[in-house]
Amino acid sequence: MPEQPSDQPPRPVLLTDELRAQLNSVSTATLVNQLQNKGIRSTFFSGLKPIKPGQRMLGYAHTLRYLPLREDLRGQFSSGQNAQRRAIESMQPDEVLIIDARGEPDAGTFGDIFALRAARLGATGIITDGAVRDTPAVADLDIPVYHQSSHAATFGRVHMPYEHQIPIACAGVTVLPGDIIVGDAEGAMVIPPSLVVEIAANSVQQEAEEAWALERVAAGDSTAGVFPISKERRPEFEEWFANRQGGH
């Protein structure tokens, strides 16, 4: 069996109240754009959908990796206190469970009982690039979930739980324990902890500029000089922004 990782969650950056407010006020599209501007291209979990409309999610990554089923190893990896159970039982408040299921849609990676246990332990979300079983019941729980598909079979049909709190790949994204995870109605994505303060501030600024651009286009302006804001129209935006801040 692989060596068990420490149950102490890595916290490379503290999610302060200010940082939480910033990250919860902007879209994943804006955050992804800001990371692209820094040259980091693969941060959005491709092909995963929210289990219910309008959900938001924020937390630290807690990773879990599944291997393809090999029948002679089933007893070694799948029975007893396997990695799936260890991952769920060691969830800490503000953590998001991220499951590497190799994009396999043909068996559930968790169901309603494990999702409820994670929620009771303070988890703030679950992401799998595989399937969820008991999907209607999971959708009724007070925990955001992002998944590729629904499937009634348990994980043992195609998976073996291998290890948790290690680097994984999920839906085309490399995830490390302690990465910052943000989700909204569009999907979910990863922010490197070392960049999260800068990315959050820049995203708030970007959305303010886009709000002004939307107002101007709705009023009949061309997008030229408005999106992105030209040097000539920057003072107009700055005045609008100052008035908006004053109104708060």
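Heavy atoms only: backbone and side chains are in, while hydrogens, waters and symmetry mates are out.
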Does the side chain of Gln205 come within less than 4.5 Å of Glu209's, by heavy atoms? yes
Any chance you could measure Thr223, atom OG1, to Leu214, atom CG, to the nearest 0.5 Å? 11.5 Å
Taking Thr109 for the side chain and Ala131 for the main chain, is one N or O donor matched with an acceptor at less than 3.5 Å? yes
Residues Lys49 and Glu186 bridged, charged N to O under 4.0 Å: no
Pair Asp184, Thr28: side-chain N/O donor-acceptor within cut-off below 3.5 Å: yes
So which heavy atom on Ser90 is nearest to which on His62, and how close? OG-CE1, 3.3 Å
Looking only at atom types and distance, does a side-chain atom of Arg86 sit under 3.5 Å from a main-chain N or O of Gln81, one as donor and one as acceptor? yes
Check whether any side-chain heavy atom of Leu31 sits under 4.5 Å from a side-chain heavy atom of Ile199, and report yes or no. yes
Please report the shortest heavy-atom distance between Ile143 and Thr124, naming the atom on each side. CG1-C, 4.2 Å
Exam field: side chain Lys52 to backbone Leu141, donor-acceptor pair closer than 3.5 Å: yes
Asp94 and Arg11 ion-paired at < 4.0 Å: no
Centroid-centroid under 6.0 Å between Tyr146 and Phe45 rings: no
Is any side-chain heavy atom of Phe227 closer than 4.5 Å to one of Val217? no
Are the side chain of Tyr60 and the backbone of Leu15 linked by a donor-acceptor contact shorter than 3.5 Å? yes
Taking the side chain as C-beta and beyond, is there a heavy-atom pair between Phe237 and Arg216 under 4.5 Å? no
Strictly distance-based, threshold 3.5 Å: is any side-chain N or O of Arg133 a donor or acceptor partner for the main-chain N or O of Ala152? yes
Can we say Glu198 and Lys38 salt-bridge, meaning some charged N sits less than 4.0 Å from an Asp/Glu carboxylate O? yes
Could you tell me if the side chain of Phe77 sits less than 4.5 Å from the side chain of Tyr162, heavy atoms only? yes
Side chains of Tyr66 and Gln84: is there a donor and an acceptor less than 3.5 Å apart? yes
Is the shortest heavy-atom distance from the side chain of Pro68 to the side chain of Met160 under 4.5 Å? no
Check the surroundings of atom CZ in Arg120: do more than 12 heavy atoms from other residues, nucleotides or ligands lie under 6.0 Å from it? no
Any heavy-atom pair between the side chains of Phe110 and Val145 that's under 4.5 Å? yes
The test is side chain to side chain contact (heavy atoms under 4.5 Å, CB included); show your working for Met57 and Val182 and say whether it passes. CA-CA 5 Å; Met57 180 184 69; Val182 181; over 6 Å; no
Return yes when atom CD1 of Ile113 has more than 12 non-hydrogen atoms of other residues, nucleotides or ligands closer than 6.0 Å, and no otherwise. no
Taking Arg233 first and then Asp221, would you say they form a salt bridge - that is, a charged N and a carboxylate O separated by under 4.0 Å? yes
Does the pair Ile127 and Leu97 meet the rule for a side chain to side chain contact (heavy atoms under 4.5 Å, CB included), with working shown? CA-CA 6 Å; Ile127 298 173; Leu97 182 64; over 6 Å; no
Is there a side chain to side chain contact (heavy atoms under 4.5 Å, CB included) between Thr135 and His147? Walk through the geometry before answering. CA-CA 10 Å; Thr135 309; His147 65 305; 4.3 Å; yes
Any side-chain to backbone donor/acceptor pair from Arg65 onto His164? Under 3.5 Å, distance only. no
Looking at every heavy atom in both Pro192 and Leu35, which two are closest together, and how far apart are they? CD-CD2, 3.8 Å
Check: Ile180 and Leu58 side chains under 4.5 Å, non-hydrogen atoms: yes
Using modelled atom types only, decide if a donor and an acceptor are shared between the side chain of Gln165 and the backbone of Thr63 within a distance under 3.5 Å. yes
Intermediate values then yes/no, side-chain hydrogen bond (donor to acceptor under 3.5 Å, both in side chains), Gln148 and Thr128: CA-CA 7 Å; Gln148 182 200 157; Thr128 177; over 6 Å; no
Side-chain donor or acceptor of Asn24 paired with backbone N/O of Arg20 under 3.5 Å: yes
Closest approach of Gly178 to Pro193 (non-hydrogen atoms, all atoms of both residues): O-CG, 3.6 Å
When every non-hydrogen atom of Ile126 is compared with those of Ala118, the smallest separation belongs to CD1-CB, 4.4 Å
Could you go step by step and tell me if Cys170 and Ile99 meet the side chain to side chain contact (heavy atoms under 4.5 Å, CB included) rule? CA-CA 7 Å; Cys170 179; Ile99 301 174; 6.0 Å; no
Would you call Arg244 and Glu215 a salt bridge, taking side-chain N to carboxylate O under 4.0 Å as the test? no
Is it the case that the side chain of Ser78 and the backbone of Gly75 share a donor-acceptor pair, with hydrogens and angles ignored and the cut-off at 3.5 Å? no
Under 3.5 Å, is there a donor-acceptor pair linking the side chains of Ser203 and Gln34? no
Heavy-atom closest pair (Gly156 atom, Leu69 atom, distance to 0.1 Å) is O-CD2, 3.5 Å
Identified side chain to side chain contact (heavy atoms under 4.5 Å, CB included) partner of Ile191 from the options Ile181, Asp179, Leu23: Leu23
Asp134 (side chain) donor-acceptor with Asp112 (main chain) under 3.5 angstrom: yes
